[in-house]
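This structure is a prediction, so every number in the text was calculated from the model and none was measured.
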Amino acid sequence: MTMSWSDLPADLVAAIADRITDHADFACFRSVCPSWRSASAAHAAGRRVPLLLLPAEYQLRVDRHLWSLADDSIAAIPLPAALGFFLFASPRGWALAVDHYFSAALLHPFTGASAALPELPPSFRGDLIVRRDMVWDHSPQHAVMIARRDKKPCSRAAFFCRPGDGPWRPVECAEEIGQVSSITYCDGAFYFFDGETRRTVGVDCETFAVATVIEPPPVTLIMPDEHLLPWNQPKAESTLVVSSGEDFLVIVRTHQPEGSYGGSREDVLVEAFRWDRRSWAGVDDIGDRAVFVDSFRGFCVEANGLNGVRRNCV
């Protein structure tokens, strides 16, 4: 009887997984086939930690670099399919690849799998500022949503498509949201978040029609201080974090610049608000997880004592 690698006994696969110490190698190991992924699921839960895709200084390189939070190490991975492309990462592995001519594709950094997408819509073509300000996410069925983080109404800034399913089509929700600061997919919906108004709009991932509108949380407004120079004024930045269809967080970071209010360094005050399907409420503890945020998106990681992630941290 002929056996393939995917037929290895689950206990043997688990024993091999025990001996893999590098996180990038472990991710590659779990990408070999469904049976290996299933047999190493318990190991993955114990070591779940974000691998952050670092910006590439030159797109004309085969290798891209990942930073592991668990051991504070940077690993290079060969990615020939990314040659000449800018990569926009996502929390679920796939990256959006865009080249200088605005051709686009989905690309998986570990498996090398890819799916061609139509060229970006005309409003996304231009200088580097367009690519720098682009946000996106995708569903498990590879429905892709993109938007520009600018002042344009949503109907001219957000578009969706599926690989092999024709050109990009606009999302009609200008009446519900003024601009799109981030896009997050979760449980059958794409959630658009307006970082200025802190309003959230949910769009069904099958029909791309507006499914829900969530009004902003009761964030304390920051009033300008007439005694401070413009660049020393406090600045608030908000991020939507969706970990399930029932769990929404808005993280508000207020930056106190160096020298304001007599300070000698920049301080960041963090507030968290949770949505319970009826109203927002401020929370002091976000549980056994850490939230990672930047200017483009936010996501949660379980803090289990093994992956270097501290609980209740932003």
Below 6.0 angstrom between ring centroids: does that apply to F160 and F190?
-> no
Check whether more than 12 heavy atoms from other residues, nucleotides or ligands sit under 6.0 Å from atom CG of D284, and answer yes or no.
-> no
Could you pull out the closest heavy-atom pair between L12 and L8, with the gap in Å?
-> CD2-CD2, 3.9 Å
Rounded to the nearest 0.5 Å, what's the gap from CZ on F159 to CD1 on I146? Could you check?
-> 7.0 Å
W5 side chain near C33 side chain, heavy-atom distance below 4.5 Å = no
So do the side chains of T239 and V291 get within less than 4.5 Å of each other, counting heavy atoms only?
-> no
Are R289 and D247 side-chain neighbours, meaning at least one heavy-atom pair lies under 4.5 Å?
-> yes
Could you state the interatomic distance from CH2 (W168) to CD (E119), rounded to the nearest 0.5 Å?
-> 11.5 Å
Mind checking whether S35 and V13 have side chains closer than 4.5 Å, heavy atoms only?
-> no
What distance separates T197 OG1 from Q179 CD, expressed to the nearest 0.5 Å?
-> 7.5 Å
State, yes or no, whether a side-chain contact exists between F29 and I16 at a heavy-atom distance under 4.5 Å.
-> yes
Give a yes or no on whether the backbone of L54 and the side-chain of W67 come within a donor-acceptor separation of less than 3.5 Å.
-> no
Short side-chain to backbone donor-acceptor contact, W280 and I214, under 3.5 Å = no
Counting distance only, does the side-chain N/O of R30 pair as donor-acceptor with the main-chain N or O of F26 below 3.5 Å?
-> no
Does R148 reach the main-chain N or O of S123 with its side chain, forming a donor-acceptor pair under 3.5 Å?
-> yes
Looking only at heavy atoms, which two atoms of D99 and G84 are closest? And how far apart?
-> CB-O, 3.5 Å
Which of Y185, F193, F248 passes side-chain contact (heavy atoms from CB on, under 4.5 Å) with V242? Answer is F248
Shortest non-hydrogen contact from A272 toward I286 | CB-CG2, 4.3 Å
Decide side-chain contact (heavy atoms from CB on, under 4.5 Å) for W275 and T200; before the verdict, give the C-alpha distance in whole Å, the side-chain angles of both, and the deciding distance to 0.1 Å.
-> CA-CA 11 Å; W275 173 257; T200 302; over 6 Å; no
4.5 Å side-chain heavy-atom contact, E172 and P170 | yes
Once you round to the nearest 0.5 Å, how far does CE of M134 lie from CH2 of W136?
-> 9.0 Å
Just how far is it from atom CZ of R169 to atom CZ of F208, taken to the nearest 0.5 Å?
-> 7.0 Å
At their closest point, which heavy atom of L96 faces which heavy atom of A104, and how far apart are they?
-> CD1-CB, 4.5 Å
Just by distance, do the side chain of R198 and the backbone of S238 share a donor-acceptor pair under 3.5 Å?
-> no
Side chain R92, main chain H138, donor-acceptor under 3.5 Å | yes
Determine the minimum heavy-atom distance between A14 and A39, stating which atoms define it.
-> CB-O, 4.0 Å
Flag the pair D194 and R199 as a salt bridge only when some basic side-chain nitrogen lies within less than 4.0 angstrom of an acidic carboxylate oxygen.
-> no
Would R297 and S90 satisfy side-chain contact (heavy atoms from CB on, under 4.5 Å), going step by step from the backbone distance to the final call?
-> CA-CA 9 Å; R297 71 169 75 243; S90 77; 4.1 Å; yes
Here the pair of heavy atoms bringing H108 nearest to L79 is O-CD1, 4.1 Å
Looking at side-chain heavy atoms only, is the closest gap between P217 and E271 below 4.5 Å?
-> no
Contacts of type side chain to side chain contact (heavy atoms under 4.5 Å, CB included), residue V270, not counting sequence neighbours | I251, R253, V268, V314
How many angstroms lie between CG in L240 and CD1 in I183, if you round to the nearest 0.5 Å?
-> 11.5 Å
Side-chain contact, heavy-atom cut-off 4.5 Å: T184 with F299?
-> no
